[in-house]
Amino acid sequence: MPIVNSSFTSQRQADGRRWVTETHTDNLGATYTLPAYLAAVGADLNANMVIHAAALADQLVSDEIAANMLAISVLGSAATPTLVYSTLPQNVAALREAYRNATRFEAVMMGDFLSFQTDARLQTAFGLTAAQVTALRNSKLTPAANAAAAVRAATGG
Amino acid sequence: MTSVVAGDRIWVADDHNETTASGLSIVFPGTPAAPNIVVCFDHTKSSPGTNDYLTTAVVANSTAANLDIQGSFFAYGITFIAANGASGTGNFLKFANPSGAWQKLVSCNLRIGTSGGSGAGIQFGSNAGAQPNKIELVDTFFQGTQTSFSVQINGHFTMRGGGVTGSVFPTTLFTGNSGGSNTVELLGVDFNNLGSGKTIVASITHSSKYYLRDCKLNAASAICATPTGPGNAAVYVNNCDSSGTNYRNETYLYEGVIRADTAIVRTTGASDGTTPFSWAYVTNANALWIRPLELPDAFFRWNSTTGSPVTLTVYGLWNAAVLPNNDDLWLDASFQGTSGFPTASFATGTKANYDATGTALTADTSAWDNAATNRANGGVYALGDVIKVASNAGRIFFCTTAGTAAGSEPGGYASAVDGGSVTDNTAVFRAAVRFRMTVTCTSPTMVGPIYATPRVGRASSTFWLDPELS
């Protein structure tokens with residue numbers, strides 16, 4: 001859970017509801033001030049804060065995964081995905097799904113990215129045997145890397 | 001769809017219940033100029049007419065795959081269900097192609113089934129097309145089976161009526177689709193099912209504007225997440241609430257939030273006729289003098305004076321020890337100052353340039369205690385709580401140190417001036433600093449509207465402003 005500290009201030013309104021502003025701090029020390037929300041009369045603001053902290057933690061994870069997928073689908077082997085909030089298994093799962101819905105170009109770039117991963121890393125990420133990794137390289141990854149290289153080498157004019 | 005051409009009408013029987021055991025693409029040949037018309041009707045009628053429209057037709061696919069509806073069309077009374085099978089992840093109900101399409105769905109139900117899985121959702125518009133799509137929903141509902149279900153929009157999207165239905169509701173309803181930009185207008189939509197822990201609009205990392213008007217909210221949900229970039233999604237909320245009010249307006253921007261406040265109000269200031277209110281400008285760390293929190297033309301007045309300067313005044317207060325400067329917040333205006341043309345002229349109330357030094361705004365003595373709560377002997381107060389005392393009428397006091405008030409009112413309240421602190425047993429209160437900010441429009445040349453825009457460049461601060469422009 002990347003959120004390590006949470007606090008809030010609140011402003012009571014004429015009808016008893018409260019405008020609540022929460023501030024959350026993650027494990028890297030970054031602070032996030034959430035947009036104020038209007039809490040119902042009698043709402044448990046502490047419980048809400050816990051819920052919002054969890055939602056923020058999920059958002060940090062999903063944002064990082066989304067950024068990683070975008071980078072891989074555009075940059076291929078030049079992408080430098082991060083694992084600050086998300087885990088390798090989470091990103092691998094996302095890459096699988098992204099590949100299923102990928103355009104041709106995106107699929108080439110994803111294959112290009114994976115082609116530059118070590119056999120050991122591919123085995124761990126996808127639960128493959130060494131032979132399966134070799135087969136995957138031959139059937140998809142190396143052709144994708146070659147296609148990506150051809151795209152990068154192409155010039156206009 | 002091979003025998004159908006653009007502009008054709010397609011009648012769908014009310015007992016139509018279609019399920020395909022694979023991914024499904026339905027490609028309407030309709031164009032924006034000649035869309036297809038697809039209507040669910042009473043199949044017992046040989047010549048369906050205006051009274052024979054029904055809403056029970058179903059088109060679904062039963063595997064972990066997408067249901068893709070393409071082309072320009074109008075659809076009435078159809079339930080579309082994607083991925084209504086056993087298991088899967090990341091499947092979509094898509095209304096995304098081709099680029100530049102127009103699609104309108106009335107009284108429809110848009111669902112992701114049980115094999116939609118994690119990350120499933122409904123996609124409107126394509127982020128890869130040359131032109132944006134236009135999508136219109138009327139009395140149409142979203143429904144999913146996972147909390148990760150979301151609606152992703154690219155293009156121009158309007159939704160009138162409808163809402164979110166079912167038994168499992170998304171953590172965040174509207175999320176981004178990589179690339180593209182969108183304008184989303186939500187009018188009269190019922191978001192009541194998005195309760196505690198739910199958010200209506202995500203922090204969308206591409207250019208988007210969301211407008212919510214006259215929508216029903218849940219008392220426990222959040223409107224949106226913090227925009228993470230200056231060009232990211234901005235959310236504008238107009239008269240939306242979870243109860244019978246008509247003054248709740250908010251703006252969510254990268255630099256902070258502008259929201260209505262009913263507890264800190266100027267006594268002779270703005271009211272909706274029943275409830276006095278102010279506008280709280282709440283900046284975060286992103287607000288700068290060169291990039292202030294603002295809602296352009298938020299204040300308006302009809303001007304009948306020409307040939308002479310017109311001075312506009314906005315009253316406010318904040319929780320501090322001193323007056324704010326005119327580079328903390330200021331008032332800008334636009335008016336008709338060009339002879340013979342309605343071209344806007346501009347006036348500003350801030351400092352001359354980035355390197356200039358701001359000067360203090362003018363102190364004010366307006367009463368702001370009309371809606372504040374009376375101090376209570378022995379009361380327990382939290383940081384930010386607001387009270388008033390009869391011994392110092394017109395002023396309000398912010399709690400700056402949480403604690404328990406004394407058994408009788410300390411004498412410091414009666415003599416406190418703006419910005420002055422009062423120790424009240426274990427709590428400490430500070431009298432709000434009241435101010436007014438002005439801007440002068442030099443000789444309008446035409447009778448017409450004058451728009452004033454408060455701008456707040458001071459980070460991590462809150463200013464309460466009376467929306468009544470003087």
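The sequence lines fix the lettering, A, B, ..., with proteins before strands; numbering per chain opens at 1.
The choice from B/V235, B/D261, B/T245, B/T172 that makes the most heavy-atom pairs within less than 4.5 Å of chain A is B/D261. Counting heavy-atom pairs under 4.5 Å between each of B/D241, B/V282, B/T462, B/N218 and chain A puts B/D241 at the top. When A/N48, A/L34, A/L38 are compared by the number of non-hydrogen pairs under 4.5 Å with chain B, A/L38 comes out ahead. Residue with the most contacts toward chain B among A/Q59, A/H52, A/R96, A/R17: A/R17 (heavy-atom pairs, distance under 4.5 Å).
When all heavy atoms of B/A225 and A/P35 are compared, the closest pair comes out as C-CG, 3.7 Å. Between B/G197 and A/I51 the shortest heavy-atom distance is CA-CG2, 3.3 Å. Shortest non-hydrogen contact noted between A/A36 and B/V257 is N-CG2, 4.4 Å.
B/T275 is not listed as a side-chain neighbour of A/Q13, based on a closest heavy-atom distance of 4.5 Å or more. Looking at heavy atoms from C-beta onward, B/F398 lies in side-chain contact with A/Q11 at the 4.5 angstrom threshold.
B/T199 does not touch chain A: none of its heavy atoms, backbone or side chain, sits under 4.5 Å away. Looking at B/I264, the atoms closer than 4.5 Å to chain A (heavy atoms on both sides) all sit in the side chain, from C-beta outward. If you measure heavy-atom distances from B/A285 to chain A, you find no contacts under 4.5 Å at all.
Remark: A/W19 CH2 to B/T262 OG1 distance equals 10.0 Å, nearest 0.5 Å.
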